[in-house]
Amino acid sequence: MAVTGVLLVLFLIAHMLGNLKIFSGATSFDHYAHWLRELGVPLLPSAGFLWLQRVGLLTAVILHIWAATVLALRARAARPVRYAHRKKVRGSYAARTMRWGGVIILLFVVYHILDLTTGTLNPVGDPSRPFANVVADFAPERWYVTLFYTVAVVALGFHLRHGVFSALRSLGQQTPRGEQRVRVVALVFAVVLCAGYLVVPFAVLTGLVS
């Protein structure tokens with residue numbers, strides 16, 4: 001679960017940085033998207049790198065969900081009889097957000113692919129005009145798309161905050177001071193990543209990018 005989580009986080013960082021190129025203008029953003037399609041040519045066919053990336057991400061997501069399911073089942077099997085009286089713990093909130101957050105993120109990924117990858121749900125849907133696709137997608141009259149995007153990114157933030165915290169704790173930060181540090185690191189990382197993703201749709205929504 002940790003390995004697939006790291007791979008997905010690295011993709012999220014790279015994808016966020018690529019999204020931010022939209023502030024460089026249509027020409028620069030479209031050039032970046034075209035560069036991704038031609039990356040690895042002639043060793044790979046056109047868009048070959050993107051398809052390898054998609055297959056790798058899909059595999060990582062499936063393995064991540066599988067690992068989460070196995071760990072949940074093992075935890076339940078370790079205590080088949082519930083506590084008669086159990087106090088609420090601080091970790092329960094994070095655990096609950098991981099569950100429903102994962103479902104929201106999965107639904108959003110499916111929508112995102114149909115929207116900005118295949119163009120099926122996009123008003124423009126032209127793979128040669130990625131800048132126009134993004135602008136049309138988050139236009140003011142399509143505020144509900146921005147709302148769904150925001151909910152999904154916030155859910156991702158909760159997911160990352162708990163995941164990064166758990167990963168750093170597993171790497172040895174077991175002291176009270178270490179726990180405090182990793183909480184801050186996990187929170188800052190989640191906030192920065194969420195902000196990096198949300199700034200694009202809200203820039204389009206407010207007319208900063210058009």
Side-chain angles (χ1 to χ4, degrees), residues 1-20 36 39-40 48-80 82-83 86-113 116-117 149-200:
M1 188 170 186
V3 171
T4 54
V6 169
L7 291 176
L8 293 171
V9 166
L10 290 176
F11 168 76
L12 287 171
I13 294 172
H15 191 46
M16 180 195 71
L17 295 175
N19 287 351
L20 293 177
L36 285 177
L39 189 62
F49 169 78
L50 289 178
W51 279 108
L52 287 176
Q53 184 185 72
R54 289 163 185 163
V55 171
L57 287 172
L58 179 61
T59 303
V61 168
I62 293 173
L63 290 176
H64 198 69
I65 295 173
W66 173 80
T69 304
V70 170
L71 290 175
L73 293 175
R74 285 181 181 176
R76 181 175 299 179
R79 180 167 289 277
R82 291 187 176 184
Y83 290 104
R86 183 179 181 181
K87 294 182 179 180
K88 291 184 178 180
V89 295
R90 183 164 33 179
S92 63
Y93 174 73
R96 288 196 302 272
T97 60
M98 291 292 277
R99 295 190 190 101
W100 61 255
V103 174
I104 293 175
I105 294 167
L106 182 60
L107 292 175
F108 173 74
V109 167
V110 174
Y111 173 82
H112 195 57
I113 291 173
L116 292 174
T117 301
Y149 189 94
T150 302
V151 171
V153 170
V154 171
L156 176 65
F158 279 109
H159 204 83
L160 286 172
R161 178 177 175 270
H162 182 64
V164 171
F165 170 76
S166 299
L168 292 176
R169 290 281 285 172
S170 298
L171 290 174
Q173 292 294 342
Q174 299 294 331
T175 64
R177 179 172 294 183
E179 179 180 356
Q180 185 177 8
R181 287 175 179 172
V182 297
R183 284 189 185 280
V184 172
V185 170
L187 177 61
V188 170
F189 177 77
V191 169
V192 169
L193 202 73
C194 286
Y197 274 99
L198 290 177
V199 70
V200 173

Open item on the list: Among Ile13, Val61, Leu160, exactly one meets side-chain contact (heavy atoms from CB on, under 4.5 Å) together with Leu8. Which residue is that?
Closed with: Val61
Mind listing the closest non-hydrogen atom pair of [X] and [Y] along with its distance?
{"X": "Leu198", "Y": "Thr150", "answer": "CD2-CA, 3.7 Å"}
{"X": "Val153", "Y": "Cys194", "answer": "O-SG, 3.3 Å"}
{"X": "Met16", "Y": "Tyr197", "answer": "N-OH, 3.4 Å"}
{"X": "Gly157", "Y": "Ala190", "answer": "O-CB, 3.4 Å"}

Could you measure the distance from the [atom1] atom of [X] to the [atom2] atom of [Y]? Nearest 0.5 Å is fine.
{"X": "Leu58", "Y": "Gln53", "atom1": "CG", "atom2": "CD", "answer": "12.5 Å"}
{"X": "Thr117", "Y": "Leu50", "atom1": "OG1", "atom2": "CG", "answer": "9.0 Å"}
{"X": "Ile65", "Y": "Met1", "atom1": "CD1", "atom2": "CE", "answer": "9.5 Å"}

Task: Phe108 and Tyr149 aromatic ring geometry - parallel, tilted or perpendicular at 30°/60° bounds - done: perpendicular
- [ ] Hey, can you tell me if His15 and His112 have their rings parallel, tilted or perpendicular (30° and 60° cut-offs)?
- [x] perpendicular
Task: Distance under 6.0 Å and angle within 45° of ring axis: Arg161 vs Phe189 - done: no
- [ ] Kindly determine whether Trp66 and Thr4 satisfy side chain to side chain contact (heavy atoms under 4.5 Å, CB included), including the steps that lead there.
- [x] CA-CA 11 Å; Trp66 173 80; Thr4 54; over 6 Å; no
Open item on the list: As a quick check of understanding, evaluate side chain to side chain contact (heavy atoms under 4.5 Å, CB included) for Val109 and Leu57, giving each step before the final call.
Closed with: CA-CA 11 Å; Val109 167; Leu57 287 172; over 6 Å; no
